[in-house]
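See below for the structure under consideration.
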Amino acid sequence: MTEPKWVMHHDDPPCEARLNDDNICPECGFVPDMQSTCFYAYCPVCNLRLKKMQCPRCKKTYKSSDP
Ligand SMILES: [Zn+2]
Ligand SMILES: [Zn+2]
């Protein structure tokens with residue numbers, strides 16, 4: 001089993017945008033604090049968010065442990 005790539009998202013409903021490299025939310029324009037963020041698993045090959053730990057493109061499944 002391969003480790004997925006964990007990507008930080010804003011988690012402040014309804015915003016769940018992917019944060020950029022500086023941890024800034026591109027939707028809200030600020031850096032959310034740790035309580036307003038969560039990690040989503042991504043396929044490191046396709047750079048797509050996994051659905052039920054499976055990549056929607058290459059169909060590879062990943063380990064579901066948290067970072
Ligand atoms: Zn946001
Ligand atoms: Zn993939």
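Order of appearance sets the numbers: ligands from 1, and atoms from 1 within every ligand. Just so you know, these numbers come straight off a predicted model, no measurement behind them.
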Fill in: Apex the Zn ion (ligand 2); atoms Cys58 SG and Cys55 SG; angle rounded to 10 degrees
100°
Item to complete: For the atoms SG of Cys15 and SG of Cys25, give the angle they form at the Zn ion (ligand 1), rounded to 10 degrees.
Response: 110°
Practice prompt. Decide yes or no for Lys5 and Asn47: does some side-chain heavy atom of the first lie under 4.5 Å from some side-chain heavy atom of the second?
Written response: yes
Practice prompt. Check His10 and report its N/O/S atom nearest to the Zn ion (ligand 1), by atom name.
Written response: ND1
Practice prompt. Tell me, please, which residues at least two apart from Asp21 pass side chain to side chain donor-acceptor pair (under 3.5 Å).
Written response: none
Response to the item:
Row for the Zn ion (ligand 2): angle SG (Cys46) to SG (Cys43), 10° precision, value 110°
Fill in: Asp33 side chain to Gln35 backbone, donor-acceptor under 3.5 Å
yes
Worksheet entry | With Arg57 via side-chain contact (heavy atoms from CB on, under 4.5 Å) - residues at least two apart | Cys46, Leu48, Cys55
